[in-house]
Amino acid sequence: MQNTPKKQPIIHRSFTGGNIVADVRGDEVFLCNELRDTPYDWFYWAFCVEGAAGRTLTCHVDAQRIGYFGPAVSRDLSSWRWLADTEGQAYDHERDGETFSYRFGPTEDRVYFAHHALYHPDRFAAFCRERGLTPGELCRSERGRSVPFVTFGRGRRQVILTARHHACESTGDYVLEGVLDELIRAPLPDAQIYCVPFVDLDGVLDGDQGKGRAPHDHAREYDRSAAPLYASTAAIRARADAHGCTYGFDFHSPWHIGTENDNAFIVRNSTAKDPRADAFGALLEEETAAAASFPYRQADDHPVGVTWNQGAPNFSRYMSALPDNEVAFTLETAYFGHPDEPVTPERLIALGRAFARALRRYVADCEGRIPLLTPAP
Ligand SMILES: [Zn+2]
């Protein structure tokens, strides 16, 4: 009997969020992620395998590219599971480290793998349709795309919600979806919500790291003394300057893994407003503890002036400095969580819902009642 040579599987990045360079040698695949215009090492990658039905491929990646549960796996770019939770597969972080193997089913012709669960802009569009929201155009991006925003509600309180100032940080969008869902279900009184879910839309669609993008990334666009480089951040600044920002929240993902990067935590930006962040954090901790949410613990917050949090301009500092602002901060949410507290899309959305409930309680019980801390003379 004659052996027919196996066809080489195809590994590519031709999809929303794709980022990879692959060298296929039989059933072994050697992979590097693309930094593009990020001038230092970063960890985001996402690729698609086609034509590997019935085979087992072993993928080798660089150090610090895989989390506790192996890669995120999807067949449709919509539903994602960790490899460790995927039927018919096994992944042991201790043993496998920087490699993983995947057994493709006999009819499994296309599978996506990524550092973490991607959040496809089509998912946000579907969410809006289901909730009766019509996205508008915030601006045209630098690469000519229509950057969406949504707004709902009317009232004195202006709430600005953003995610993906750093393109690769999709945990922020899952949390944001939960926040919106809860605020639609039970509206905040006397409030207009204004939301930009993909601030660096080009980076999200093209699979850029986005973090540290030269000459600077979207998160560093909030220096009042400098004109913005990007149309989306210019539009967000103009919106806040014209209408105010009673509450401003920016949803991010932290560094790859380990220590605080395994948690959800608030990045404090103003010592004067720490008592308000304390009050909000206490409510958020209660709300996440009472729900099937990825947990938040106030003790994990990152204080002002400690390690990397040294006062660089960002969305939250910009909003916090506006005269009508009650409280504004960044929420960082882990890519993987802890081995006993895993991140999943469902638990991130539940965290977002808990966040919205905490905001509602803050507005009812704390707003206008917590004075700013004045420094000792
Ligand atoms: Zn970030």
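Note that the coordinates shown come from a computational prediction; the quantities given were computed from them, not determined experimentally. Values below: every heavy atom of this structure, side chains too, minus hydrogens, waters and symmetry copies. As the structure lists them, so they are numbered: ligands from 1, and atoms in each ligand from 1.
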Are more than 12 heavy atoms, taken from residues, nucleotides or ligands other than Arg75, located less than 6.0 Å from that residue's CZ atom?
no
Option among Tyr247, Tyr174, Phe251, Tyr362 that satisfies the ring pair (Phe, Tyr, Trp, His ring centres under 6.0 Å) test with Phe355:
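So the option named by the test is Phe251.
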Measure from the Zn ion (ligand 1) to every N/O/S atom of [X] and report the name of the nearest one.
X	answer
Glu169	OE1
His166	ND1
His252	ND1

What I want to find out is whether Glu182 reaches Arg185 closely enough, with some N-O distance under 4.0 Å, to be called a salt bridge.
yes
Taking the six-membered ring where the residue is Trp, are the ring centres of His166 and His252 under 6.0 Å apart?
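Yes, the ring of His166 comes within the 6.0 Å limit of the ring of His252, centre to centre.
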Just wondering, is there an N, O or S atom on His165 that's nearer than 2.8 Å to the Zn ion (ligand 1)?
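So His165 does not count as coordinating the Zn ion (ligand 1).
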